[in-house]
Every structure is written in C-alpha cells, then in structure tokens.
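Data first, discussion second: the structure below is written as structure tokens.
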2 protein chains.
Amino acid sequence: MQDLSTSPPQLQSIDKAIVDAILSARIQPGTRLSENQLAALFSVSRTRVREAMMRLEARCIVTVSPRRGWFVSEPSAEEARHVYGARRIVEYGLLRSMPALTPSDLAALHRHLEDEKLAIASADRQRLTCLMGDFHIRLAEIVGNPVLTEVLRDLTARTILISLMYQSDFHALQSHEGHCAIVAALEANAPEQAAALAIRHLDEVEEGLDLTRQPDPLADLRRSLQPETEAGPRPAADMLKTTHRHTQKENP
Amino acid sequence: MQDLSTSPPQLQSIDKAIVDAILSARIQPGTRLSENQLAALFSVSRTRVREAMMRLEARCIVTVSPRRGWFVSEPSAEEARHVYGARRIVEYGLLRSMPALTPSDLAALHRHLEDEKLAIASADRQRLTCLMGDFHIRLAEIVGNPVLTEVLRDLTARTILISLMYQSDFHALQSHEGHCAIVAALEANAPEQAAALAIRHLDEVEEGLDLTRQPDPLADLRRSLQPETEAGPRPAADMLKTTHRHTQKENP
DNA sequence: TGGACAAATCTTGCATACAAGACTGGAAAG
DNA sequence: CTTTCCAGTCTTGTATGCAAGATTTGTCCA
C-alpha cells in the first residue's frame with residue numbers, strides 16, 4: 001500500500017526509509033514488513049533487512065510475531081497513554097529550559113505554522129499528521145541537543161502510529177492553534193507558560209483519541225473495496241502487500 | 001576483564017547482560033566486544049550476537065568500527081554534555097510531575113539512600129557508581145511509565161560510561177547529599193523544589209567531570225601492571241579480553 | 001452445504017561459509 | 001639500528017542454506 005521507495009532505494013538506509021515513512025504517515029500501523037520484499041526492494045539480502053528490523057525493534061517501531069512476520073507497531077491503549085505521558089514530561093522540561101529564540105528559530109517556527117495552515121486549508125490529512133508531529137521535533141532541534149531530539153523523534157513516530165490507530169476525528173485546527181499559542185508564548189519569552197500550554201495541548205490531543213477502539217482486522221480490505229472517494233485512486237505500483245497482522249480472528 | 005556471565009548465560013539475553021554490566025559498572029567504555037567470544041560465552045552463533053549488537057548500537061550503547069570490532073561506547077565530550085543536557089530536561093519534567101509519594105515509594109527511596117550510605121562507608125566505588133545511576137531510574141519507576149523509564153535507563157547507561165571516562169574524582173558524598181535533598185523535597189510535597197534540586201545536582205555532577213581528558217589508550221595496561229591496590233586481585237576467569245579500541249595511535 | 005483434515009507454501013530463526021579489510025610480526029633492505 | 005614491506009592471522013560484512021513453525025488452501029467426508 002504505502003510505497004517506501006519514491007527515489008532510488010539503494011542509497012537510503014532501510015531504517016531511515018521506514019522511520020520516514022512512519023513520520024510522514026505513509027505507512028499504517030500493523031503493516032506487514034516482509035523481509036523478502038524489503039530485501040528485493042533495497043537490493044540487499046535478508047540479512048541486512050533483518051539487522052534493520054532488529055534496530056527498529058529496539059526503538060519500539062516494529063514488532064516481530066515469531067515465525068509470522070514483522071509488523072509496524074500497533075501500540076496498545078496502555079502504551080499510547082505511556083507515550084503521551086512521556087511526551088508531557090519531556091516536552092514540559094524542554095520548553096521550560098528553552099533558550100531565547102533567535103530570529104532564525106522564530107522564522108523557522110513561523111514558516112512551519114504557515115505550512116500547517118496551508119495543509120489545513122487543503123484538507124491534506126496525511127500531510128497534516130506529518131506536520132503536527134514535526135512541530136515538536138522542530139522545538140527539540142532549537143535546543144540543539146541531538147540526544148534529546150532523537151528521543152523525541154522516536155516518541156513522535158510512536159505518536160503518529162497511535163494517531164493512525166485511535167484518532168477518531170482529527171481536530172487539526174485545535175492542534176494548530178495549540179502550536180500557535182506555544183510559539184507565541186516562546187516569542188514572549190515566557191517559557192513557563194509555553195510549557196504549561198504544551199501540556200494542555202498534549203492533553204487535548206490525547207483527549208481526542210478513542211482508546212477503546214479495537215484494531216479493525218478488515219481495515220485494509222474495507223478500504224480497498226470501498227468505491228473511489230475524494231482522495232483519488234491510490235498509487236498502483238506497491239511492492240509491499242497490505243496484509244495486516246490480524247487476519248483470522250474476526251468479530252464473531 | 002569484566003565477567004558478564006555470573007549465572008548460566010544461556011537464559012539471559014545478550015542485550016540485557018551487556019546493559020546490566022554497564023549499569024553496574026562492571027565493564028569499561030571502549031571494551032572490545034568480540035562477536036566470536038560472546039557467541040562462545042552464550043553458546044549461540046555469531047548471528048544472534050550480531051543482532052544484539054545492532055540493537056545496542058541503535059541505543060548508542062555500543063559502537064562498531066568497520067571490520068575492526070564492536071566496542072562499548074566511549075561518549076565524546078560533546079556527547080557527554082548532550083546526555084547531561086537531556087537528563088536535566090527529562091528529570092526536571094519528571095520531578096515536576098511527580099505524584100505524591102506513597103508510603104511504599106518512600107520506603108523504597110529511603111532504603112536506596114541507606115544503600116548509598118553503606119557503599120560510601122565501604123568505599124566500594126563500583127557499587128557506588130551503580131547506585132548513583134540507579135537512583136534516577138528508581139525515580140522514573142515511581143511515575144510508573146515504562147516508556148519514560150526506558151529512556152532514562154539508556155541515558156543512565158550512557159551516563160555511567162561518561163563517568164567512567166571523565167570522572168577524575170568522585171564526589172560521592174556530594175551526590176548522595178543531592179539525592180537526599182531531592183527525596184526530602186518530594187517528601188515535603190514540593191515537586192518544583194525537587195526538580196530544581198535535580199538540575200542543580202546534575203550540574204554538580206557534570207561539573208565534577210574533566211571533559212578535557214583524552215581517552216587513555218594505555219588504561220588497561222596501566223591497570224594490569226599496577227601492583228595490587230586496595231581492591232584485591234581481579235577475578236581470574238575472564239572470557240572477554242581487555243583489548244581496548246585504541247591500540248596503535250599512541251601519543252607521539 | 002458445512003466442517004475438519006492435510007498437504008503445500010509461505011514466513012522467520014539460526015547457523016555457517018566465504019569474502020574483504022585491518023592488524024601483527026617478522027624478514028629484508030637501507 | 002631503523003624503516004619498509006609482505007605474508008599470515010585476525011576481525012567483521014554479507015549472502016545463502018536449511019529447519020521449523022504458521023497460514024492457507026484444496027479436498028474429502030458427513
């Protein structure tokens with residue numbers, strides 16, 4: 001379904017390709033990642049694919065089901081709560097200790113907010129999901145601490161998976177306004193307020209999740225059989241199957 | 001030098017054994033981790049060892065030098081600063097949002113502080129290093145968020161490596177007092193103060209590092225040739241060589 | 001028509017083999 | 001005596017082969 005290889009795939013590392021696909025919401029939680037198919041796609045042997053999977057597994061981004069296959073993680077409701085909890089703590093600390101913004105930081109943030117506004121206007125949900133996550137990574141980048149950025153990148157990847165699983169309706173405008181408020185507080189040199197706003201923002205987003213929702217084993221099939229909607233036809237050349245991890249246990 | 005296999009090694013996963021060895025300061029930064037030797041030690045083939053190494057590499061705990069070998073990470077001075085920076089941010093957020101302590105939490109913390117005091121009294125530096133790191137993991141555990149605990153565990157592992165590399169003299173008592181102050185603030189239900197104390201504590205510890213110190217390629221040799229000191233002879237049966245990563249580039 | 005069984009086909013798990021680069025030690029040359 | 005070079009030995013990098021379990025699908029029987 002989601003194509004990982006928009007450009008010559010040889011040069012990109014496999015890890016990065018998959019993480020990027022998640023960060024830009026081009027790949028669904030539960031998507032099967034076949035060792036053989038990835039090996040073919042990247043023109044390497046299974047060994048290297050496996051190594052990439054091991055690394056991603058250590059970052060909770062993919063899961064292995066023994067002798068069944070590798071799958072993009074499907075965070076449980078509990079895990080989702082923990083990820084949001086961790087993000088609240090990390091981002092609170094982050095914003096509290098944010099240095100005064102330089103003009104270029106500020107420009108970058110405003111450019112980002114502008115992008116968000118455009119995406120909302122064009123109702124491009126995938127791009128929105130991506131931008132909403134990116135905002136927080138941008139904040140981390142301003143601090144200039146790669147260790148922290150890395151932590152937040154992984155948490156963001158997991159957050160995106162959570163959104164794709166549990167987000168019933170996407171209050172994009174509300175999120176965007178949250179981001180604007182945070183930037184405004186930072187601009188006003190009020191880090192304590194920015195931190196408080198970030199927590200409220202994350203609360204709101206978490207509130208918008210439907211954590212009681214069970215993963216739908218038939219989701220892909222449903223989507224595939226659905227007659228064309230607004231979005232136009234999906235790209236045809238897809239090397240990765242859309243097989244989902246839940247196949248036989250259907251609702252009785 | 002450091003023995004990783006105190007008990008039957010088959011059952012433990014390789015990752016855990018190595019991380020545990022680092023968290024308890026039984027293994028030095030720069031120690032070579034030979035695939036063959038680990039494979040023999042754990043009675044598996046190199047494949048599985050390699051997979052473990054890949055996972056640990058993703059967590060910045062080991063490094064590979066192409067076709068030369070795997071080594072326990074030797075964080076650079078810059079990385080050290082970033083790790084401490086990240087910890088300040090995370091732990092500030094953590095303590096700020098700490099729930100009121102339950103009696104059992106409090107008991108556990110006090111027990112830990114008691115252990116620290118004992119270790120100081122017996123001047124057991126290895127045990128101290130281990131306990132000092134553990135304190136922060138304990139704090140994370142109280143919040144009951146495994147995602148965050150995991151983040152802090154990795155940061156702590158890296159911190160321990162940093163200590164082993166750059167800590168010229170270990171102000172154990174000062175650290176211990178820092179921990180006591182934090183617990184006292186938590187006990188007094190003053191999370192804001194606890195958070196501020198944590199930052200000061202981390203500042204002090206970082207201050208105690210000598211980040212200008214260059215890694216000493218002769219460290220192992222020096223230790224080995226040194227006549228017996230207080231600590232008594234090292235355990236004899238060591239399967240891992242003490243080879244360090246710097247072998248030929250000596251100071252001219 | 002419905003259900004159970006079994007074979008065929010897929011998947012990963014793991015070990016091994018071989019290639020290629022890095023390091024060591026010794027011999028030869030200056 | 002010092003330096004250079006080369007072969008031997010070590011290391012990891014990578015592919016591949018085979019085994020074992022899971023899944024699917026086709027068939028047979030009630």
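What you are looking at is a predicted structure, and each value in this text was computed from that prediction instead of being measured.
Put simply, CD on A/Glu35 is 4 Å from P on C/dT12, counting in whole angstrom units. The nearest whole Å value for the distance from the CD atom in A/Glu51 to the P atom in C/dC14 is 15 Å. Distance B/Arg67 CZ to D/dT12 P: 11 Å, rounded to the nearest Å. Nucleotide D/dT12 holds its P atom 9 Å from the CE atom of B/Met53, rounded to whole Å. Across the protein-nucleic acid pair, A/Asn36 atom CG and D/dT16 atom C1' stand 12 Å apart, rounded to whole Å. To the nearest angstrom, P of D/dT14 lies 16 Å from CE of A/Met54.
Closest approach of A/Ser175 and A/Met132 over heavy atoms only: CB-SD, 3.7 Å. Closest non-hydrogen pair, A/Ile61 versus A/Leu161, comes out as O-CD1, 4.3 Å.
Checking each of B/Arg48, B/Arg55, B/Arg59 against B/Asp15 for a salt bridge (Lys or Arg N to Asp or Glu O under 4.0 Å) leaves exactly one that passes, namely B/Arg55.
Residue B/Arg68 places its side chain closer to C/dC23 than to any other of C/dC23, D/dT12, C/dA15. The side chain of A/Ser45 sits closest to D/dT16 out of D/dT16, C/dT12, D/dA22. Here C/dC14 is the nucleotide among C/dC14, D/dT14, C/dA15 with the atom lying nearest to any side-chain atom of A/Arg46.
The 5' end of DNA chain D is approached more closely, in terms of each residue's nearest nucleotide, by B/Trp70 than by the other of A/Arg48 and B/Trp70.
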Full working for side chain to side chain contact (heavy atoms under 4.5 Å, CB included) between A/Asp115 and A/Asp134: CA-CA 11 Å; A/Asp115 285 348; A/Asp134 233 41; over 6 Å; no
